[in-house]
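To start, the structure under review is shown below, and the notes come after it.
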Amino acid sequence: MSSAGAPWLLEIRLFTVKPGLRPEFHRISEEGTVPLMRECGITVLAGGPSLNDEDGYYLLRAFRSEQERVELSQSVYATDVWLQKYEDVVPPMIAGYQTSVVPVPGPALREFARSFALG
């Protein structure tokens with residue numbers, strides 16, 4: 001993450017996965033889609049099953065700007081890997097999702113990311 005003074009954008013994505021599919025959704029996320037996002041330049045901070053909803057799943061990502069958020073997100077879905085491995089698998093697993101984007105100071109976001117990495 002950059003140390004520049006401008007705030008980063010924290011994207012909070014909350015998925016509702018179709019009943020019974022969350023373990024497989026989590027496996028695909030950890031082994032495939034999150035690494036793919038990182039390869040495309042997206043800063044993925046954390047993701048995983050929700051503690052208060054058996055069908056809930058969260059994904060936290062950080063971006064330098066709204067333009068970067070849109071461009072990098074779209075770049076994932078245009079990759080051959082996404083199109084060949086995930087396009088026909090992941091979207092049908094999702095019953096719905098909500099996305100919220102909030103500004104966060106860089107130092108706070110770095111500390112947040114570090115705390116997640118420490119587990």
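The shown structure was predicted, so the numbers you read here are calculated from the model rather than taken from an experiment. Side chains included, hydrogens not; waters and symmetry mates left out as well; all remaining heavy atoms used.
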Restricting to non-hydrogen atoms, name the atom on Pro19 and the atom on Asp55 that form the minimum distance, rounded to 0.1 Å.
CA-OD1, 3.5 Å
Between CZ of Arg69 and CD of Gln67, what distance do you get to the nearest 0.5 Å?
12.0 Å
Search all heavy atoms of Pro92 against all heavy atoms of Glu87 and return the closest pair with its distance.
CD-O, 4.3 Å
For Trp8 and Gly106 the tightest heavy-atom approach is CD1-CA, 3.9 Å
I want to check something: taking the side chain as every heavy atom from C-beta on, are Phe25 and Ile94 in contact at a cut-off of under 4.5 Å?
yes
Is the shortest side-chain heavy-atom distance between Thr43 and Phe63 below 4.5 Å?
no
Any link between Met37 and Leu10 through a network of hydrophobic side chains (Ile, Leu, Val, Met, Phe, Trp, Tyr) touching at under 4.5 Å?
no
Please tell me whether Leu45 and Val102 are part of a single hydrophobic cluster in this structure, the criterion being side-chain heavy atoms less than 4.5 Å apart.
yes
Separation between OG (Ser73) and CD (Glu68), nearest 0.5 Å, reads 9.0 Å
Linking directly or through intermediates, with side-chain heavy atoms under 4.5 Å: list the remaining ILVMFWY members grouped with Val101, chain and number order.
Leu9
Is Arg61 reaching over with its side chain to a backbone N or O of Arg13, donor-acceptor style, under 3.5 angstrom?
no
Check for a donor-acceptor pair, side chain of Thr79 on one end and backbone N or O of Val76 on the other, with a separation under 3.5 Å.
yes
Taking the inter-plane angle between the rings of Phe15 and Tyr97 on a 0 to 90° scale, is it parallel (under 30°), tilted (30 to 60°) or perpendicular (over 60°)?
tilted
Paired with Tyr58, the side-chain contact (heavy atoms from CB on, under 4.5 Å) test is passed by just one of Asp53, Leu51, Ile12, Leu14, namely Leu14
Closest contact, heavy atoms only, Gly41 versus Leu72
O-CD1, 3.5 Å
Transitive ILVMFWY side-chain link Val81 to Ile28, under 4.5 Å:
yes
Hydrophobic cluster identity match, Val90 and Leu83, side-chain contacts under 4.5 Å:
yes
Do Val104 and Val44 share a hydrophobic cluster, counting only Ile, Leu, Val, Met, Phe, Trp and Tyr and linking them when any side-chain heavy atoms are less than 4.5 Å apart?
no
Minimum heavy-atom distance Pro35-Ser29, with the two atoms named:
CD-O, 3.5 Å
Side chain to side chain contact (heavy atoms under 4.5 Å, CB included) between Glu11 and Ile42: does it pass, once the steps are laid out?
CA-CA 11 Å; Glu11 179 192 77; Ile42 295 175; over 6 Å; no
If you take all heavy atoms of Arg22 and Ser50, which pair is closest and at what distance?
NH1-O, 3.1 Å
Is atom CD of Glu54 surrounded by more than 12 heavy atoms (other residues, nucleotides or ligands) closer than 6.0 Å?
no
